Structure formats: structure tokens, C-alpha cells
Amino acid sequence: MSSILPLTLSNAYVKRRGKTLIGPIDLSIEAAELTIIIGPNGAGKTTLMRAMHGLQRLTSGVLEFACSIDDARQAQAFVPQNPIMMRRSLRNNLIYPLQLRGVSKSAANAQADDWAQRINLRHALDQSAPNLSGGEKQKVAVARALIREPELVFLDEPCANLDGHATRDIETMLLAERAARRTIVMSTHNLGQARRLATRVIFMLGGCVHETGRADAFFDAPQTPEAAAFLTGDIV
Amino acid sequence: MSSILPLTLSNAYVKRRGKTLIGPIDLSIEAAELTIIIGPNGAGKTTLMRAMHGLQRLTSGVLEFACSIDDARQAQAFVPQNPIMMRRSLRNNLIYPLQLRGVSKSAANAQADDWAQRINLRHALDQSAPNLSGGEKQKVAVARALIREPELVFLDEPCANLDGHATRDIETMLLAERAARRTIVMSTHNLGQARRLATRVIFMLGGCVHETGRADAFFDAPQTPEAAAFLTGDIV
Amino acid sequence: KAETMKLAVTTSFHNSGLSDILLPVIKEDTGLDVQLLVVGTGQALRLGEAGDVDAILVHSRGAEETFVEAGFGTHRREIMYNDFVLIGPKSNPAGLAAPDGIVAALAQISQSKATFVSRDDESGTHKREMSLWRRAGLNPENFGPWYNAVGAGMGAALNTASGLSGHILSDRASWLNFGNKADLAILFEGDPLLFNQYAYIPINPKKHPHVKQDPAAQLENWLVGDRAKGLINAYTINGEVLFTFNAHP
Amino acid sequence: MDNIWDGIKAAVYLLVTFDRDLMEITLRSLQVTLSAVAISSFVALPFGAWLAIRRFRLRRAAIAVLNALMGLPPVVVGLVVYLLLSRSGPFGVLDLLFTPAAMIIAQVIIITPLIASIAHQAIRELWAEYHDLLISMNTTSGQRIRTLIWDGRRALITAALAGFGRAIGEVGAIMIVGGNIDHATRVLTTAIALETGKGDFALALGLGFVLIFLSLLVNFATHALGRTERGKFW
Amino acid sequence: MDNIWDGIKAAVYLLVTFDRDLMEITLRSLQVTLSAVAISSFVALPFGAWLAIRRFRLRRAAIAVLNALMGLPPVVVGLVVYLLLSRSGPFGVLDLLFTPAAMIIAQVIIITPLIASIAHQAIRELWAEYHDLLISMNTTSGQRIRTLIWDGRRALITAALAGFGRAIGEVGAIMIVGGNIDHATRVLTTAIALETGKGDFALALGLGFVLIFLSLLVNFATHALGRTERGKFW
Ligand SMILES: Nc1ncnc2c1ncn2[C@@H]1O[C@H](COP(=O)(O)OP(=O)(O)OP(=O)(O)O)[C@@H](O)[C@H]1O
Ligand SMILES: Nc1ncnc2c1ncn2[C@@H]1O[C@H](COP(=O)(O)OP(=O)(O)OP(=O)(O)O)[C@@H](O)[C@H]1O
Ligand SMILES: [Mg+2]
Ligand SMILES: [Mg+2]
């Protein structure tokens with residue numbers, strides 16, 4: 001199978017009722033990178049990821065993959081900032097993406113058991129998913145995205161509500177994915193986490209990509225004063 | 001006005017369809033404390049705070065205030081883990097609690113302007129609140145709770161989606177509230193934040209209060225091995 | 001302002017179109033604004049019993065007499081008559097012939113089990129149909145599926161008959177004014193047994209003090225007068241006379 | 001088919017000639033139905049909201065009864081209203097029988113359960129969303145109901161429109177309590193029933209098309225005013 | 001009032017004596033209405049869902065038309081179906097006029113817009129919730145519709161029950177296409193209309209109460225089976 005990557009955005013804008021949410025954006029996401037998007041609240045991180053994933057139409061500009069859009073859609077997953085739990089049991093939430101692909105009931109159940117184990121929620125498999133705790137929902141959303149073995153995964157602040165241990169579990173999972181040469185794009189406000197995971201960083205500000213670069217270079221020596229200020233927790 | 005505190009929970013349980021979510025809990029919240037609740041995902045932090053606030057009925061046990069329940073309800077506010085935005089503009093979300101109290105339109109608007117300023121969202125006052133970004137929503141929820149000047153505030157992971165700067169703003173606000181001898185109960189997964197803010201800590205595990213104490217003592221020398229493990233980010 | 005009164009009439013009277021001729025003239029002559037309630041015979045009688053109308057105009061002699069005897073109406077005043085006709089498919093599948101009389105015609109329909117539609121709603125028309133079956137020595141309860149008791153007003157029953165291509169007993173006025181004739185036609189008419197008398201009954205103010213006694217009397221006077229006679233006798237559809245005035249002044 | 005075509009022609013003819021009688025009964029239809037919808041909404045929306053926010057023992061039963069009342073046969077409603085308003089009935093002295101007021105009463109009875117039931121359904125979802133917030137703010141029941149109705153107004157428009165649809169097309173009840181009196185209580189539906197009885201299908205259909213046209217008009221106007229299809233996902 | 005009391009007595013009498021004719025028309029009512037509701041739901045639920053998830057240019061217009069169709073006057077529907085099914089009509093050869101099948105067809109036409117409209121309203125809320133998830137998983141339209149109907153089934157029950165209510169109480173259309181023929185197409189509502197015309201108000205009311213009782217039964221059964229009031233907030 002040929003890769004769906006690189007993904008390229010050229011001169012992309014997302015506007016709503018005349019207001020520019022993000023843009024102009026020129027960007028490409030390469031295979032096997034773990035890209036972390038950082039930036040202040042309202043900078044447009046979520047909007048950018050939704051646009052790349054296809055949840056939000058571009059008002060203008062071009063989004064391209066190395067393959068057809070249809071194939072690309074099939075090979076990617078998205079974990080939103082506020083996890084959406086289907087009004088079903090945890091198990092049925094996990095097997096839903098497998099059912100869509102026609103995986104047999106028993107195979108799907110086995111996989112659900114496996115993933116529930118990994119996120120430490122095996123005991124809650126038959127609980128109604130909307131009743132789970134905030135952190136538990138986030139873990140389910142991550143598992144539900146990864147269970148499809150996508151080539152490209154977007155994660156929007158996946159660890160925001162997680163305790164220290166769960167955060168470490170997720171980070172381990174993501175590093176394993178990175179090692180398996182899957183491509184990950186993730187936003188976070190946890191700069192420590194960004195440092196631990198990123199191979200590449202996108203720093204957003206006011207709807208634009210303000211600075212981007214290799215992770216080590218960026219964290220050691222940000223090129224713009226705004227990025228430097230952001231890294232020290234100052235107002236930007 | 002006499003204080004609504006202390007709040008006391010005695011032998012309190014919350015159960016759902018036979019499953020014990022939290023309990024037995026014996027606890028009291030004293031006036032002018034800033035209590036931080038920590039514990040792993042699913043430990044029952046949210047459930048405990050909801051029960052204290054009156055969002056969740058106790059299955060058994062007693063919840064008492066220093067005054068009648070009605071007066072107590074009037075004097076407290078709650079910021080949930082997933083902020084609930086009313087389907088109105090940001091301004092109308094902020095003035096809603098004031099309208100409930102019959103505050104005049106102009107006074108309410110002035111206050112909304114003031115609070116929008118404090119959370120750096122003055123420019124977005126007329127935007128539809130459900131469209132705000134995740135972090136912006138959280139800030140709105142905090143402002144909407146504090147705008148009523150409650151005596152007791154519950155905050156459930158209020159900074160989970162906030163950037164470094166906004167987190168610091170909120171922390172400053174909370175410290176100001178603490179200085180004004182308001183009572184705050186807050187849950188967080190950010191142990192640094194817990195250290196910075198807490199005067200008292202409640203460590204929850206498996207639905208029970210596992211350990212509780214003054215903040216400095218707890219962080220320096222936790223009494224139970226589980227708390228010690230949790231503080232170092234280990235599995236508990 | 002014109003005085004109004006309420007008059008309950010049967011569907012057949014209204015469907016004939018005669019009311020559209022009479023009402024404006026009544027208004028002109030007497031200043032009365034007559035509001036028509038077009039209902040089934042049974043319902044008309046019930047409206048009268050309850051005092052919800054000031055007078056009724058129906059065609060079901062037995063029921064009318066009981067009504068007056070029970071004191072609901074002051075008296076019964078015959079105004080005019082028309083006649084019933086037997087409608088059926090133009091092809092005349094039962095082979096009905098004119099000279100035999102209506103009773104024989106019905107007997108023949110039952111014998112050939114030709115489709116028949118009965119109103120079955122205890123209206124004047126239905127009661128007449130039943131009495132004709134009785135005269136033929138037949139009981140509709142024993143009829144087979146060719147006999148459709150439809151439980152509906154004249155218009156609805158005619159629609160059903162037209163949809164089923166069946167026979168039906170109708171008053172001439174309703175038939176002539178009916179717009180959905182399809183392949184139906186009059187197969188039999190003119191038997192004296194098909195004579196259909198309309199009568200006017202004012203509601204008794206002793207039972208219902210609020211009824212408008214004077215307008216009701218005024219209307220009665222008008223209905224039995226020369227102006228009414230002229231209009232009723234002159235009312236035709238496609239050159240056919242519909243009603244014959246027979247009130248005794 | 002010819003008949004349907006004739007009906008359309010009749011409708012167009014009636015409309016372009018601005019037929020006086022047609023205008024009269026159309027306006028009466030509108031007046032009766034809009035009054036009924038207004039009154040019903042005034043009762044049913046708060047009731048639906050109340051039912052959504054209240055937890056009581058017989059709640060499920062109450063909802064089942066409400067749903068069942070959506071099935072109130074119009075003829076029976078008409079009969080009962082008739083018996084109540086009749087001269088020999090308890091409210092006979094009001095002299096409302098065979099007036100538009102009586103028709104409004106009958107329609108209110110018919111559509112209130114429908115509007116309340118749909119409103120309850122819609123508000124239930126919104127209440128699930130707002131529950132914590134409104135409880136936390138220690139709102140009174142009245143405040144909750146007002147907030148939910150206001151913020152759920154878009155969904156509630158469907159409830160009111162469903163009520164409008166049911167009422168504007170209704171004939172069984174208003175025939176009995178209104179009496180279909182020319183120039184007094186004749187409305188579109190009773191006129192249609194009358195023409196059907198006469199077998200004049202073209203005119204009946206024509207009136208029917210006028211009624212459907214009226215319905216469309218009201219719906220488009222409502223949507224235009226309510227801007228129901230804008231906003232977050234539209 | 002006496003009449004209403006007589007009506008209740010008549011209803012009780014009819015029920016306890018297990019009146020044969022009553023059983024027959026009650027069962028026919030149920031059969032016709034349940035068939036109509038089943039067919040309509042089969043069409044209207046997916047259609048409502050489809051309308052909720054699709055964005056197209058005339059969407060607002062389509063929704064307004066759908067809402068307007070809730071106001072289709074039953075008599076007009078009856079007429080049109082009559083004309084289509086009558087011997088001289090295009091489907092005359094099927095020989096369906098004055099059969100229960102014709103009544104089902106008329107009822108399906110009447111309640112489909114109602115069910116679709118309420119379903120659309122309910123599913124719109126759920127779609128707002130599931131939108132990102134289902135788009136992200138690259139689901140087909142069919143998968144989306146099936147998922148939304150399944151997860152929204154509780155709210156959709158109200159839609160189906162509203163349709164049931166409308167159909168079980170309907171008389172105008174089925175009177176025309178069914179003909180109210182004794183032992184063939186007579187149902188509860190047409191029998192009620194008949195008794196009303198006869199002036200036998202007690203019997204009419206009695207039948208009406210039987211009908212309401214039937215409605216209650218169906219609603220309670222649905223709620224019991226659907227467990228509609230359990231779950232998250234109940
Ligand atoms: N439909 C909309 N209409 C108007 N403004 C919008 C709309 N959707 C989003 N916005 C605005 O666009 C900006 C970017 O939003 P976005 O959710 O992408 O931010 P973010 O970087 O993810 O922030 P956070 O860190 O708080 O999650 C925000 O200021 C938000 O208020
Ligand atoms: N209605 C319910 N039925 C069954 N279990 C429930 C219900 N509500 C909550 N729970 C369970 O109760 C436990 C405690 O939930 P709670 O939301 O209080 O956790 P928490 O400490 O706030 O976790 P987090 O840090 O993830 O927010 C969780 O395991 C959750 O799955
Ligand atoms: Mg975001
Ligand atoms: Mg929580």
C-alpha cells in the first residue's frame with residue numbers, strides 16, 4: 001500500500017461569516033512524523049486539525065494527499081478535544097469502527113477486549129459510554145481511533161483530562177505508533193509532553209502558522225520572539 | 001451574612017444501579033480553604049464534587065451546611081469538567097446568572113464586559129458561545145461561575161484545556177478569591193498547579209477519600225504509599 | 001342588524017341546491033339570516049332536542065311525529081316533496097324494467113346479487129329503503145356481500161356507489177346535483193312508494209325558552225307562502241323539476 | 001387524473017379571481033387555526049417543558065397518556081365539545097355552539113397533546129444538555145422552563161407547525177361544533193367535505209390545493225422569520 | 001353531561017360484553033393503523049434522518065414543504081386516493097378501492113410527513129452530537145442514517161406514536177376510500193362518525209372511549225417495550 005502522505009495545505013483559509021478562523025496556511029505533513037501543534041487558546045489549532053482531517057471545509061485554498069481524497073479519508077482517524085461518546089456501551093463504542101468495515105462480531109469483540117485492557121477499562125466494557133468519567137472518555141476516544149490502525153491520526157489535546165499515569169500510558173502508545181512509522185498530528189497545552197513526543201512542532205498564533213520546525217531546534221532556540229514568550233508561559 | 005460553611009458529608013454514598021461510585025465518605029470543607037481534589041481517572045472526583053454541590057443525590061448519608069440547604073444552594077457555583085455553553089452569545093451566557101437574580105440589564109452588561117476583559121475574550125462577546133474554542137469555553141465557564149460572587153465554588157479541572165498563560169490567569173484569579181476568603185474546591189490532574197494553589201488536599205482512590213491533609217504536609221510527606229506513588233506518576 | 005336563526009336541514013335538501021335559491025330571497029323578504037346546519041336526519045333531530053337550533057327541516061315522517069309527540073317541536077308542517085330514484089350502472093346488469101314497480105325492482109337486484117349500496121345511517125332515505133325491502137319480503141341482514149351497508153351521508157354513499165358501480169336509492173335532488181356520476185344513471189323512478197315529504201318543525205319554546213320563536217314562525221309563514229311556492233316549483237336542474245310545493249297555507 | 005387536473009385548474013381559477021367566498025373561508029380557516037395554535041402553544045410548550053424537567057412517580061404513565069391523547073379522535077372531541085356547549089349542556093348559556101370560538105376550543109383540545117408531546121421530546125434533549133448548569137444555578141422551575149423554551153425555540157417551531165398542520169386540515173370536530181354554516185363557520189376543510197359530498201371533486205380538490213398552498217405559505221413564513229435553518233450546523 | 005356519562009356506560013358495556021361487531025371493527029382499526037404506521041416509519045424515519053444529514057441548496061425549502069405536508073387535509077388525500085384507485089383511475093385495475101389496503105394507502109400519505117418531520121427534528125439534535133464522529137469515520141450515508149436511527153430510537157418512538165395517534169383517529173380520508181362498508185372497511189372512527197350522524201351520541205361516545213382506551217393500551221405497551229424512560233437522565 002502506498003502512503004497517503006505527504007498531506008499539503010496551500011494558501012488555505014477557513015472563514016465563518018466573514019471572520020477568518022485560520023489562514024493563510026501553507027503546510028505539509030510528512031509520513032512517520034509526530035507533529036505537535038501548540039499555541040494559545042483560540043489560536044486555531046482545533047480548526048486546523050479539523051480542516052486537515054476533512055471535518056471542516058476550506059473556504060479557499062487546497063488540501064492534497066498523495067492519494068485520492070477518498071482513500072485518504074479511509075486511512076485516518078481523529079480524536080476530538082471533547083470526546084464524543086455514542087449512546088451505547090463502551091464495548092459497542094470500541095467495535096463501532098470495526099463494524100463499519102465489516103469485521104466479524106467475534107474478531108471485533110476480541111479487539112475491543114484487547115484495547116480496553118490497554119486503556120485500563122476492561123472492567124467497564126459493558127458500562128454506558130456517556131456515563132464514563134471525563135478522563136475515561138478521553139481514553140476511549142483514543143482507543144476507538146487507534147483500533148482502526150489508521151495511517152494518520154489527529155489527536156486534539158488527548159491528555160487534557162488524564163491523570164499522570166494515564167498520560168504516560170497514552171504517550172507510550174503514541175511513541176509505539178511513531179516507532180511503527182505511523183503519522184501523528186497532535187495538539188497539546190502541555191509543553192513537557194510536547195518536548196517528550198514531538199519530532200516536529202507547529203506553533204500557531206492568531207490563525208496562522210507562526211513558526212514551525214524540528215522539535216529539538218524549536219524548543220532549544222525558537223526563531224520568533226512570540227514563540228519564545230509562549231514557551232516561557234508569557235502572554236503572546 | 002453568616003457563612004454557609006462548613007460543609008459536612010457523613011457516611012455518604014452515591015450508587016448507580018447497584019454500583020458504588022463513591023462512598024463511604026466523611027469529609028468537611030471549612031470556610032476560606034482552597035481544597036484541591038486529586039486522584040486517578042475514575043476515582044470519583046467529579047462525582048464527589050457534584051454530590052457536594054447538589055447535582056447528584058446521595059444514595060445514603062448526610063450532606064449538611066451551616067445554614068439551610070436552600071440558602072447554601074444560592075451561595076455556591078460549579079464549573080463542570082466539560083463546560084456547558086448555553087446556545088446564546090458569549091455575553092448572554094455571562095449575564096444569564098445575573099438575570100436570574102434580577103440584576104438590571106445595564107449593570108449586568110457592565111459586569112459581563114468586565115469579566116470578558118479578565119478572561120481575555122472581550123472581542124468575542126457577541127460570538128455564539130457553543131462555537132468558542134475548547135479553552136475559551138472553559139474560561140467562560142469559570143467567569144460565569146465567579147460573576148455571581150459565590151461564597152463557595154467548585155471547579156472540576158478548570159484548566160485542562162488552557163494554555164500556559166490562561167492557566168496562570170485563572171490561578172491568579174483563584175488566589176485572589178482565596179485571599180478574599182472565598183472557599184474553593186477544585187479538582188486537577190496538574191500536580192504543579194495543585195502545589196501552587198492548595199491549602200488542603202483530598203486524595204481520592206476507588207471512590208473513597210484515601211488521604212487528606214494540609215497541602216504542604218501532604219506534598220512533602222504523603223502518609224500512604226498510594227498517595228506517594230500517585231505523586232510520582234506511578235500506577236496506584 | 002338582521003335577525004339570525006338556525007335551521008337544521010338534511011344533506012339531501014342542501015345538496016339539491018334549493019337552499020342557495022331560497023335563502024337570499026328569505027333574507028330579502030323577511031330580513032331573516034337563516035343559518036343552515038347540514039347534518040344527518042338523526043343528528044338534526046338531536047340538535048332540535050337539545051335546543052341548539054330553532055327549527056328543523058327533515059324528511060322522515062315517523063321520527064318527526066315522535067319528535068313532536070315528545071314535545072320537542074310545536075308542530076309539523078309539510079312544505080314540499082320530491083321523490084327517490086333508484087340509481088344503478090347504465091348497463092343495467094340486473095335487467096330492471098320500469099313497469100314492475102320499485103318493490104319488484106329491488107327483489108330483482110337481490111336475486112341477481114347485483115351490487116347495492118345502502119346508506120345504513122337511519123336517515124330518511126335509509127328508512128325508506130328499509131321499508132321497501134320489507135315490502136319485498138326481504139331482510140337486508142341476510143344479504144350477502146353484494147349488499148354494502150356503508151354508513152354514510154347521501155353524497156358519500158353516492159361516491160361509494162359510483163366507485164363500486166352499484167345500485168343505490170337516492171333522492172332525486174341529491175342525484176341531479178351530484179357531480180361524480182361516472183357510469184351511473186337513474187334505472188327506476190316514478191313509483192308512488194318513492195314519494196318523499198319534507199316537513200318543517202319549529203322547536204318548542206316550552207322546552208327551550210331561548211329558541212327564537214318569532215323568526216321560526218316568520219320563516220314558516222314564508223315557506224308556506226306564494227313566494228316560496230313559486231321558487232320551489234320553478235327550481236329545475238337540467239330541465240328536471242326537483243321539488244313540488246304541497247304546503248297547506 | 002383528469003379530476004386532479006381539473007382541481008388544479010379550479011384552484012388557480014379561485015386564486016386568480018380572488019373569489020370573495022374563498023377569501024372569506026380561507027381567512028376564517030387561518031383565524032381559527034392560528035388562534036388554536038397560539039392558545040395550545042401557550043399551554044403545551046410550558047407543559048412539555050415541565051414534563052421534561054420534573055421527576056415524579058407517575059411520569060412514565062403521564063407521558064404515555066399524553067402520547068395516547070395525540071390519538072384523540074376528532075369526531076369524539078367534537079362530540080364532547082358539542083355536548084358541553086350545547087344549550088342543554090353545562091356551558092350552554094355561553095351560546096358558543098356553532099361559532100368560531102367553539103371551533104377553536106375543539107382544535108385546542110385536539111392539538112394540545114400533539115404540541116406538548118413533541119415539545120417534551122425536543123426539550124428533553126436540551127434539558128439533558130442544560131441539566132447541570134440550570135440545577136447548579138439554583139434556578140426555579142419557572143426559570144428553567146423559560147430558559148429551555150427560549151433556547152429550544154427552533155425545535156419547538158416544529159411542534160407548533162405540527163399542531164398547525166393537524167388543525168388546519170382537521171374537519172371531523174369542527175364540522176360538529178361549528179356546523180359548517182355559510183358565512184359564519186364555514187372553513188376550508190368543511191367546504192371541501194361539503195363539495196365532496198356533492199360529488200364536485202374538482203372544486204373540492206381546488207379548495208384542497210388552496211389549503212395546501214396556505215400551509216406552505218405559513219411554513220415558509222415561519223421558517224423565514226425563525227431562521228430555523230441557520231446556525232451551528234446549518 | 002348525561003350523554004357523556006351514557007357514553008362511558010356504553011363503552012363499558014361494549015367492552016365487558018365482548019361485543020362481536022366491536023371486536024371486529026377494533027381489530028380492523030388496529031390492523032389498518034399499525035400497517036400504516038409500520039410502512040410510514042419505514043419510509044419516514046430514514047427520510048427524516050437523510051434530511052438531517054444532507055446539506056443541499058433547497059434544504060430549507062424541503063423542510064418547509066415537509067412541515068407543510070403535515071397539514072395535508074385528510075379529505076383531500078382521501079379524494080386523490082379515491083380518484084387514483086377508482087375504476088376509471090390509473091390504478092383502477094388493482095381493484096383496491098373500498099378495501100383496507102386503500103385505507104392504509106391513504107393513512108400512509110397522511111402520516112408520513114408527520115413522522116418524517118418529527119424524526120428529522122429529533123435526529124438533527126443527535127446528528128449535531130455525532131457529526132464529527134461519523135464524518136471522521138468516513139461513514140457512508142446509509143451507515144450514518146442507520147446509526148442515527150438506532151441511537152435515536154427513543155426519540156423516534158414519539159414520532160411513530162404521533163403518527164399512530166393521527167392515523168387511529170383519522171376519519172375523513174378513510175371514509176372516502178374505505179367507504180365505511182359494514183364487515184369490510186368499517187373501523188372505529190367511521191363507526192363513530194356514523195353513529196354521530198344517526199344522532200346516537202351515546203354509542204358514538206362509547207366507541208370513542210374504546211378508541212381512546214386502545215390508544216392508551218398501544219402507548220403503554222410501546223413504553224413498556226421501549227423502556228423509553230430509563231437511561232441517562234431518567
Ligand atoms: N463558527 C465559528 N464562528 C466564529 N468563530 C469561531 C467559530 N468556530 C471557532 N471560532 C473561533 O475561532 C478561533 C479558533 O478556534 P479553535 O477551536 O481552532 O482554537 P484552538 O486553537 O483549538 O483553541 P483551544 O486551545 O482553546 O482549544 C477561536 O477564537 C474561536 O472562538
Ligand atoms: N451513571 C453511572 N453509571 C455507572 N458508572 C458511573 C456512572 N457515572 C459515573 N460512573 C463511574 O464512576 C466512576 C467515577 O467517575 P467520576 O466522573 O467521578 O471520576 P473522576 O474522578 O472525575 O475521573 P476523571 O479524572 O477521569 O474525571 C467512573 O469510573 C465512572 O465510570
Ligand atoms: Mg482546540
Ligand atoms: Mg472528573
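Letters A, B, ... mirror the listed sequences (proteins, then strands); counts begin at 1. Just so we're clear, the structure is a prediction, and the values are computed from it rather than from any experiment. Quick note: numbers below take in every heavy atom, side chains included, and nothing from hydrogens, waters or symmetry partners.
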Query raised in the report: About how many Å separate OG1 of A:T167 and CG of B:N190, when rounded to the nearest 0.5 Å?
Result: 10.0 Å
Query raised in the report: Is chain B contacted by the side chain of A:T47, its backbone, both, or neither, given a heavy-atom distance below 4.5 Å?
Result: neither
Requested in this report: Can you tell which part of B:K45 gets under 4.5 Å to a heavy atom of chain A, answering side chain, backbone, both or neither?
Outcome: neither
**Report entry** B:S133 to A:G42 - nearest heavy-atom pair and separation
**Finding:** OG-N, 3.6 Å
**Report entry** Largest heavy-atom contact set with chain A, pairs under 4.5 Å, which of B:G164, B:A166, B:G135
**Finding:** B:G135
Query raised in the report: Which region of A:Q127, side chain (C-beta onward) or backbone (N, CA, C, O), has a non-hydrogen atom less than 4.5 Å from a non-hydrogen atom of chain B, or is it both or neither?
Result: side chain
Query raised in the report: Are the side chain of A:N41 and the backbone of B:E136 linked by a donor-acceptor contact shorter than 3.5 Å?
Result: no
**Report entry** From B:S128 atom OG to A:R17 atom CZ, the distance as rounded to the nearest 0.5 Å
**Finding:** 7.5 Å
Report summary line: To the nearest 0.5 Å, atom CG of A:D163 lies from atom OG1 of B:T188 at 11.5 Å
Query - Trace of the side chain to side chain contact (heavy atoms under 4.5 Å, CB included) decision for A:N161 with B:Q81 - result: CA-CA 8 Å; A:N161 292 295; B:Q81 194 161 358; 3.6 Å; yes
